[in-house]
Amino acid sequence: MSDVLNTAVPVPASKPARFTMSPGAARIAFILAVLIVWEVLGHTVLNANFISPPSVILGSLPRVLGNPQILKALWDTLYELIVAFVISVVAGVLVGIAIGANRIALKSVVPMILLAYSIPQITILPIFTLVFGIGPASKIAFGVSHGIFPIALNVIAGMQTVERTHLTFARSLGASRLQVLRRVILPHITPSLFSGLRLTMSATLLGVVLAELYISTGGIGYYTRLFSDSFDPGAMFALVSVLGLMAVVLNEIVRRAERRASFWTTQNR
Amino acid sequence: MTGIRLGLSSRLIQLTTVLALLFLWYLATTNRWVNPVILPRLDLVWRDLVALVGTGAVYQHLAVTAFELAVAFAIAAVLGLAVGFWVGTSRYASLAFEPLIAGIYAVPLIIFLPLFILFFGLGVQSKIAFGASYAFFPIALNTIGGISQVDQRYLTLARSMKASQWLIFRRVLLPGALPVIVTGLRVGCITGFLSIIGGEMLAGLQGLGSQISRLSEAMNSSQMFAYIVFVIALALVLNFVLSAIENRFKPVGEVA
C-alpha cells in the first residue's frame, strides 16, 4: 500500500545526480570568483597606477587607518552622518506629525514639499558651502536637506492610514491630544516611520558623502584627491572600502530596527 | 473629478509658493539683507540665464552632459535588461543574485566616484561609467521585479500549450513585465542624469555640473545660479517627458 503511494507520487525535488549549491552559497561563490579574477587581472593586465588587486588594498588598510589624520577624517564623517541623521529624523517626524494631523496643512504644504523634493539637490551643493563654510556644518546641512524629505513624507503618509474610528473612539473615551498621539497615532505610523528611517539613512549618506567629496580642502575629499594625484590606488581603495563598510553597517542597523519594530505587520517582508 | 480639482489646487499652491519665494528673493537681494555672493540679485541671475541660452554658451556644456547621459543610459539599459532578464527568469538566480544587486545598490555609489575618476580620468569616460553604474541598478532591479510579478498561471498556461522559450518571453514575460521595466528605465535615466551632474561637479572638466562648481569657486554667483536654474529646469523637463512616456506603457486605468 505504502509502496504504491510512494511510486505514484512523483518527487520533483530529488535530482540526486546533479550537484546544486544553495542560493546563498552561490552568491558567496560568485563574490569570491570576482575577487579572484580581480586579483589575477590586477597582477597581470591592469595598470597598478590606477587599480589595485584586493591583496594590495588589504595591505594598504593598516597604512591608511594608521594615519591619525585620515582616521580623524573618517570619524568626522561618521559624526556628521549621525548628527545629520538625528536632525533629519527629529525634524522630519515633528514636521510630518504637524502636517499630517491637519487637513488644511496637508493639502497646502504637501505640494510644496513635493516640489522642493523634486529639485535635484546636487545642483545647490555650492550654495551650502557658501553659506555654511567648508567645515562639518555644510556637510551636516547638506545631509539633512537630503534626509528630512523621506522621513517627513513617510510620517505624513503613515498618518493617513490611521483609522478614523480609532481616533473617534479614543476621543470619546476622553483621551487628551498627547494620549491620542502616544497611544493611537504613533503605533499606527510605526511601520512607515521605520521604512522612512531606512530611506532617510541612505539619503543622509548620499548628502554627507557628496559634500565630503566636493570639499577637497579637508576631510575625505582631500585624501581622495591626494591618493589619486599621487597614483596610490591601494590607499584610495582602502579608504573607500572603509567608507563603504560604514555605509553598510549604518544601513544594516536601521534595517534591523525596521524589521524589529514592524514584525507584527503583514505588509512588511 | 475631485482628483483633477485636487491636482489643480496643488499646482496652484506650488505656483504661488514659487512666486512668493521669487518675491522674497527679490526683496532680500535688492535691500541687501543677504550677502550677494550667497544670493545674487534676481535680475542679474535672469540676465545671465538669458545670456547663457541666448548666446548659446550653455549648449557646448549641455552637449557634453547629454552625450554622457545618452551613452551611460544605453550601457545601463542593455546591461540592466540583460542581467534583469537572466536573473528574473530563473528562480535560482533570483534567490542567489537579487539580494546581491539590491545590497550593492543600498550603498551610496557616490562613495566610489573617486575610484571612477582614478581609473577613467577627469574626462567624459568617468562620467559615463559612473552614470551607467548608477542607472544600472534600478533598471536591473525593476526588470527582476517586473518578471517576478507576472502571473504564474499565464506561464503555466503557455508552457502547457508547448510555447517555445522565445514565444513565452515575447508573448507572456515581456508584456507582463513591461510597465515595471519602463518605470525602472525612467528611474535609471533620472538617476543617471543626476549622478552625471554630480560627477561633473565633484571632478570634471566639461559639462553643466563642472560649470556650476567652477563658477562657485570663482564666486561668480549670478552665473552659477543661472546654471543651477538651467539644470533644475532640465531635470524637471526630463522627468516630465519620461513620466509621460512611462504612462503610455501603463495598463489603461492605472495612469497616474
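All chains are named by letter (A, B, ...) in the order of the sequence lines, taking the proteins before the strands, and each is independently numbered beginning at 1. Values in this document were obtained by computation on a predicted structure and should not be read as measured data.
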- request: Looking only at non-hydrogen atoms, find the nearest pair between A/Pro23 and B/Ala96 and report the distance.
  value: O-CB, 3.4 Å

B/Leu19, CG atom: more than 12 neighbouring heavy atoms under 6.0 Å: yes

query: For atom CZ of B/Phe112, is the number of surrounding heavy atoms from other residues, nucleotides or ligands below 6.0 Å larger than 12?
result: yes

- prompt: With only heavy atoms counted, which part of B/Val34 is less than 4.5 Å from chain A, the side chain, the backbone, both or neither?
  reply: neither

message: Working to the nearest 0.5 angstrom, can you tell me the gap between B/Leu202 CG and A/Tyr214 OH?
response: 8.5 Å

Closest approach of B/Phe119 to A/Leu46 (non-hydrogen atoms, all atoms of both residues): CZ-CD2, 4.5 Å

Please tabulate, for the side chains in residues 121-131 of chain A, all donor-acceptor contacts under 3.5 angstrom to protein atoms that are two or more places apart in sequence or on a different chain.
residue  : atom : partner  : partner atom : Å
A/Gln121 : OE1  : A/Ser145 : OG           : 2.7
A/Gln121 : NE2  : A/Ser145 : O            : 3.0
A/Thr123 : OG1  : A/Pro120 : O            : 2.7
A/Thr129 : OG1  : A/Pro126 : O            : 2.7

task: Answer with side chain, backbone, both or neither: which region of B/Ala106 has an atom nearer than 4.5 Å to a non-hydrogen atom of chain A?
output: both

field: Heavy-atom pairs under 4.5 Å with chain A, option from B/Leu109, B/Asn239, B/Ile212, B/Leu215 with the top count
entry: B/Ile212

- line: Nearest heavy-atom contact between A/Arg27 and B/Leu100 is CD-CB, 3.8 Å

query: With respect to chain A, which residue among B/Leu115, B/Ile190, B/Ile197 yields the maximal number of heavy-atom pairs within a distance under 4.5 Å?
result: B/Leu115

- prompt: Atom CG in B/Leu118, atom CZ in A/Phe237: separation rounded to 0.5 Å?
  reply: 6.5 Å

- request: Identify which part of A/Ser241 has an atom lying under 4.5 Å from any heavy atom of chain B, answering side chain, backbone, both or neither.
  value: neither

Check: residues 204-211 of chain A side-chain donor-acceptor pairs under 3.5 Å, at least two apart:
residue  : atom : partner  : partner atom : Å
A/Thr204 : OG1  : A/Thr200 : O            : 2.6

query: How long is the span from the OG atom in A/Ser118 to the CZ atom in B/Phe240, to the nearest 0.5 Å?
result: 13.0 Å

message: With a 6.0 Å cut-off (strictly less than), is the heavy-atom count around OH of B/Tyr92, excluding the residue itself, greater than 12?
response: yes

Largest heavy-atom contact set with chain B, pairs under 4.5 Å, which of A/Ser22, A/Ser108, A/Ser228, A/Pro233: A/Ser108

message: If I measure from the heavy atoms of chain B, does A/Ile31 come under 4.5 Å with its side chain, its backbone, both, or neither?
response: side chain

task: Might you confirm whether atom CD of B/Gln149 has over 12 heavy atoms from other residues, nucleotides or ligands at distances under 6.0 Å?
output: yes

message: Please classify the contact between A/Arg255 and chain B as side chain, backbone, both or neither, with a heavy-atom cut-off of under 4.5 Å.
response: neither

Below 3.5 Å, can you tabulate the donor-acceptor pairs from side chains in residues 218-229 of chain B to any protein atom, sequence neighbours excluded?
residue  : atom : partner : partner atom : Å
B/Ser221 : OG   : B/Val37 : O            : 2.3
B/Ser222 : OG   : B/Asp48 : OD2          : 2.6

A/Arg225 atom CZ: more than 12 heavy-atom contacts under 6.0 Å: no

statement: Scanning both residues in full, the closest heavy-atom pair of A/Ala247 with B/Ile111 reads CB-CD1, 4.0 Å

field: Spacing of CD belonging to A/Glu212 relative to CD1 belonging to B/Ile110, to within rounding of 0.5 Å
entry: 12.0 Å

query: Can you tell which of A/Leu243, A/Thr224, A/Leu213 has the highest number of heavy-atom pairs within less than 4.5 Å of chain B?
result: A/Leu213

task: May I ask you to list the residues in residues 124-139 of chain B that approach chain A closer than 4.5 angstrom, counting heavy atoms only, ordered by number?
output: B/Tyr134

statement: Residue from A/Leu239, A/Leu114, A/Val240 scoring the most non-hydrogen pairs under 4.5 Å with chain B is A/Val240

